[in-house]
Each structure stands twice: as C-alpha cells, then as structure tokens.
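Before any comments, here is the structure.
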Protein chains: 2
Amino acid sequence: MTYPGRRSYDEGCIAAHALDLVGDRWALLVVRELMLGPRRFSDLRAGLPGVSANVLARRLEEMEAAGIVIPAARGYALTPAGEGLWPVIRALAAWGARQPGHDPARFISPTALMLSMRVTCARARAGTHLVEMRAGEEIFTIATAPGSYGVTRGPGRTAPAGLVFAGGTNALAAAVYGAQPLAEVAAAGMIAFRGDAAEGQGFLDLFALPPPQPAGST
Amino acid sequence: MTYPGRRSYDEGCIAAHALDLVGDRWALLVVRELMLGPRRFSDLRAGLPGVSANVLARRLEEMEAAGIVIPAARGYALTPAGEGLWPVIRALAAWGARQPGHDPARFISPTALMLSMRVTCARARAGTHLVEMRAGEEIFTIATAPGSYGVTRGPGRTAPAGLVFAGGTNALAAAVYGAQPLAEVAAAGMIAFRGDAAEGQGFLDLFALPPPQPAGST
DNA sequence: CAGAATCCCCACCGATACTG
DNA sequence: CAGTATCGGTGGGGATTCTG
C-alpha cells in the first residue's frame with residue numbers, strides 16, 4: 001500500500017532530488033509514454049513491453065504521490081510537473097542517440113518514435129508540412145514550419161494531412177532515419193505513403209540520428 | 001568480473017538506450033561528481049556518502065565499459081561522451097529544483113553546489129566577477145560576465161579572485177540560495193567572506209531556486 | 001478487458017569486513 | 001588508498017489469479 005522505506009539518495013542536491021522522484025526503473029519511460037497525452041494502463045503496457053504489471057502499477061502509484069502523474073478519465077495523464085520532464089527526456093534522447101550500442105531493430109513504441117522525431121528534427125531547415133503518421137494502430141499528426149515542430153496524438157482536426165505515412169513503428173523508424181529513399185521504401189512495401197513524393201522525401205530528410213561524438217557545455 | 005545478465009530495457013528507443021547506460025542507481029551522480037574534473041575513488045566516496053564501495057566500483061567499471069568514464073592519472077575522468085551528459089544533469093537539476101520535498105539541509109557535495117549554481121545563475125543579469133569558493137577542503141573559481149558563466153576546480157590561474165567565500169558546503173548553499181543578506185550571514189560566522197560587500201551581495205543575488213510550478217515544451 | 005493482488009525467483013543494492 | 005569478498009535485504013520480472 002505505502003512504501004515507507006522508499007530508497008532515497010538523501011542529498012540536498014537538486015539533481016539527486018530529481019532522481020529520488022524519477023530515478024526508479026521504468027519511471028521516465030512511463031513519463032515518455034504519457035508525454036503525448038493520457039494513456040490507459042494497457043496502453044502503457046503495450047508501449048513498455050518489458051515492464052511487469054505490478055511494477056507498472058507501483059510506479060504509477062509512486063508518481064501519483066509525487067505529483068507527476070494523475071488519474072484521468074481515460075487512464076493516466078501527466079501533471080504540469082510531469083510535463084516538465086520533457087527537457088530531461090529530450091536530453092537523454094539526444095545523448096543516447098550518440099552512444100554506440102543502439103539497436104533500432106528492437107521494439108520502438110509509437111510514442112517513442114514521435115518523440116525521437118521531435119528531438120532530431122532539423123527545425124531550421126523545415127518546410128511547411130502537415131503529416132499524418134500511422135504507427136500500427138496509433139495515429140499522430142505532425143505540423144512543421146520553418147523553425148517549428150509540433151506533434152499531437154490523433155488525426156489532424158483542422159485540415160487533411162498532405163502527407164500520410166503508415167506502417168509498423170519499426171518500419172516507419174527505418175524509413176525516417178534510414179538512408180534508403182522514400183520511393184524505394186514505399187515500393188518495397190515496407191511502409192505505405194500517400195502524398196507528393198518530393199515533399200515526402202523532403203520531410204523525411206529533416207530527420208537524422210547523429211553518429212557518435214561531440215558534446216555540449218555550459 | 002563481467003555482468004552477462006545486465007538488465008536492459010531492450011527497446012530501440014534512444015532515450016531507453018541512454019537509460020540502459022546511465023539509468024542504474026548512482027550512475028548519474030557519479031557523473032555529476034566527475035563533471036568538474038577527475039576524482040579519486042575516495043573523492044567520489046566523499047561526494048557520495050550514500051554509495052557503498054562495491055557499488056561504486058561496479059558503476060565505474062560499467063561506465064568505463066560504456067565509454068563514459070576513463071581511468072586517469074588522478075583517479076577517474078569523464079570521456080567526451082561522459083561530458084556530454086551535462087545537459088541531462090542540468091535538465092534534472094532544473095526540474096528537481098521545482099519539485100517539493102527538496103531538503104537543502106541534507107548533505108550537499110561541493111561539486112553539486114557548483115553545478116547547481118551553474119544551472120540557476122541568471123546569466124543575463126550577471127556582472128563581471130571573479131570569485132573563489134572554498135567549500136570545505138575544495139576550492140573552485142567562478143568567472144561571470146554578462147551572459148556567461150564558468151566554473152573550474154582549483155584556485156584561479158590568472159588573477160586573484162575579487163570575492164572569496166569560504167565555509168561548509170551547506171552553509172555556502174544557504175548563503176547562495178537563502179534570503180538572508182550576505183552581511184548578516186558573514187557576521188553570524190556561518191561563512192567567511194572577503195571582498196567588496198556590495199559586489200558580493202550582487203553576485204549572490206544572481207542565484208535563486210525557483211518555487212514549484214511551470215514547465216517547458218518543444 | 002482493465003487492473004489489482006499474490007506468489008516465487010533472482011539480480012541488484014547496501015553494509016561490513018577484508019586485502020594488497 | 002583503492003578497491004575486493006561476502007552476505008542479507010529489497011526491488012524488479014514473470015506468471016497466475018481475483019474482481020468488477
């Protein structure tokens with residue numbers, strides 16, 4: 001019921017305090033899954049195939065106590081504090097992309113792909129696109145413009161998307177980050193594409209996973 | 001010796017990959033301690049009083065295998081990949097500072113204080129200061145200018161510092177982040193101060209821990 | 001079907017003692 | 001000082017079951 005002996009770093013350091021709240025196994029990945037909107041318990045399990053039900057339930061309970069997650073009509077949602085973890089996840093993703101050992105053949109959740117694209121998009125070069133991405137059963141809408149990038153769960157509410165990509169999440173990830181041209185990927189049936197071919201290729205060209213190397217300071 | 005069964009999230013997600021590398025307990029706090037330069041095993045233990053010797057040894061071994069840490073002449077140092085974790089730690093600290101439950105009376109390592117100041121400094125308002133901070137046995141030099149902030153371990157190499165603060169790390173943290181004026185803090189003997197009083201106060205005024213609340217998007 | 005509760009097992013964590 | 005050895009405790013992973 002309650003977890004009195006919750007393990008703490010017992011430091012005054014604010015980073016250690018953050019890790020006291022979201023440093024447990026799976027915690028930040030649960031936040032990742034909630035980042036684009038509320039999810040049911042079973043949605044979370046689908047997006048995190050490695051987590052067991054009891055651990056997930058406990059994480060949700062703990063994060064609810066910490067004010068990070070809140071029960072919502074359709075499952076669980078992030079509180080503003082939980083949404084504030086986006087810079088943490090973004091920094092982890094940006095760093096993780098540069099570390100060797102990453103294997104894109106392993107399971108990628110639809111939400112994880114959408115967030116990785118939000119991290120890696122070269123916004124400065126972006127044209128204006130309205131894109132629908134169908135990753136398995138899940139639908140997302142991406143809107144780009146020079147310098148800006150937005151993604152929401154669900155089909156676009158205002159206008160029909162000019163570009164539509166559909167397929168398994170890993171196949172979509174390969175199309176987005178791989179070197180193979182869209183025409184070939186679509187022709188091979190790996191993913192389905194609808195829209196202007198040149199615009200579709202231009203959209204995909206915005207995304208790249210950097211190879212190993214540099215860092216940032218300050 | 002080796003850890004064949006190392007637990008992995010087994011996902012293609014780049015954030016999950018990052019957590020596979022630095023998600024273990026203590027890992028990011030070890031990186032924190034190394035962030036301002038190499039440290040010996042015993043230095044790390046002093047900065048992380050909660051970690052036991054075997055766990056610390058194992059983390060160092062694992063992080064060395066992951067290319068994050070490297071044995072150095074004087075202990076352990078970060079590789080470029082390890083230094084690249086600064087944005088992660090910065091984001092955690094910025095978020096953690098806004099979460100309730102933070103207790104600045106608990107142990108704060110000298111390195112942790114220096115990094116928290118680097119995170120919370122209002123650079124835009126910064127004047128030009130050269131500051132020596134003596135936190136317990138450890139000495140750091142901070143150089144600020146409008147829009148910029150730098151901290152290095154050790155006494156300044158070029159010019160003598162105009163401001164010198166000395167005391168226990170927690171007392172320094174209280175002086176930096178508390179509301180009490182420098183004159184009172186120094187008069188009460190909580191910390192020692194040398195330099196121009198008004199400039200010293202102006203320097204301390206650059207730092208503040210935000211109360212709970214907002215978030216960031218993108 | 002959603003999700004909570006319970007079981008067992010094991011890897012990891014944490015503390016102490018020990019060694020070169 | 002810089003770790004290693006050992007051992008008990010705990011939290012995570014998996015499966016099963018119960019309830020609404």
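In what follows, every chain begins at residue 1, and chains take the letters A, B, ... in the order their sequences are listed. Side-chain atoms are counted along with the backbone in the values below, which use heavy atoms only and exclude waters and symmetry mates.
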Cation-pi check, A:Arg118 onto A:Trp86 ring (under 6.0 Å, within 45° of axis): yes
Short side-chain donor-acceptor distance under 3.5 Å, A:Glu33 and A:Ser109: yes
No-hydrogen, no-angle side-chain donor-acceptor test under 3.5 Å, A:Ser52 and A:Asn54: yes
What nucleotide, of C:dA4, C:dC13, D:dG13, holds the atom closest to the side chain of A:Val55? D:dG13
To the nearest Å, give me how far apart [atom1] ([X]) and [atom2] ([N]) are.
X       : N      : atom1 : atom2 : result
A:Arg74 : C:dC1  : CZ    : P     : 18 Å
A:Asp24 : D:dG11 : CG    : C1'   : 9 Å
A:Trp26 : C:dA11 : CH2   : P     : 17 Å
A:Leu60 : C:dG3  : CG    : C1'   : 11 Å
B:Leu56 : D:dC1  : CG    : C1'   : 13 Å
A:Glu62 : C:dA4  : CD    : C1'   : 15 Å

Parallel, tilted or perpendicular, judged at 30° and 60°: which one describes the rings of B:Tyr177 and B:Phe207? perpendicular
Which word best sums up how the rings of A:Tyr76 and A:Phe41 line up, parallel for under 30°, tilted for 30 to 60°, or perpendicular for over 60°? tilted
Using only side-chain N and O atoms of [X], determine if any of them is under 4.0 Å from OP1 or OP2 of [N].
X       : N      : value
B:Arg7  : D:dG11 : no
A:Arg25 : D:dG13 : yes
A:Tyr76 : C:dA2  : no

Describe the nucleic acid contact of A:Gly75 in one word from base, sugar-phosphate, nothing, applying a heavy-atom distance below 4.0 Å. nothing
Suppose we screen for side-chain hydrogen bond (donor to acceptor under 3.5 Å, both in side chains). Which residues come up paired with A:Asn170, at least two apart in sequence or across chains? none
Name every residue in residues 36-47 of chain B that has at least one heavy atom under 4.0 Å from any atom of DNA chain C, in order of residue number, or write none if there are no such residues. none
Below 4.0 angstrom, which residues in residues 9-19 of chain A have at least one non-hydrogen atom near DNA chain C? none
I'd like to know if A:Glu61 and A:Arg58 make a salt bridge, using a cut-off of under 4.0 Å between side-chain N and carboxylate O. no
Without swapping roles, check the side chain of B:Asp20 against the backbone of B:Tyr9 for a donor-acceptor pair under 3.5 Å. yes
Tell me which donor-acceptor pairs under 3.5 Å the side chains of residues 135-144 of chain B have, and how far apart each pair is, sequence neighbours excluded?
| from | atom 1 | to | atom 2 | distance (Å) |
| --- | --- | --- | --- | --- |
| B:Glu138 | OE1 | B:Arg39 | NH1 | 3.3 |
| B:Glu138 | OE1 | B:Arg153 | NH1 | 2.6 |
| B:Glu138 | OE2 | B:Arg39 | NH1 | 3.2 |
| B:Thr141 | OG1 | B:Gly154 | O | 2.7 |
| B:Thr141 | OG1 | B:Gly156 | N | 2.8 |
| B:Thr144 | OG1 | B:Gly127 | O | 2.8 |
| B:Thr144 | OG1 | B:His129 | N | 3.2 |

Residue pairs involving residues 87-114 of chain A (criterion ring-ring contact (aromatic ring centres under 6.0 Å, His included); sequence neighbours excluded): A:His102-B:His17
Please report the interatomic distance CZ(A:Arg194) to CD(A:Glu132), rounded to the nearest 0.5 Å. 7.5 Å
Strictly under 4.0 angstrom, non-hydrogen atoms only: write out the protein contact profile of nucleotides 15-20 of chain D, one letter per nucleotide from the 5' end, B, S or -. ------
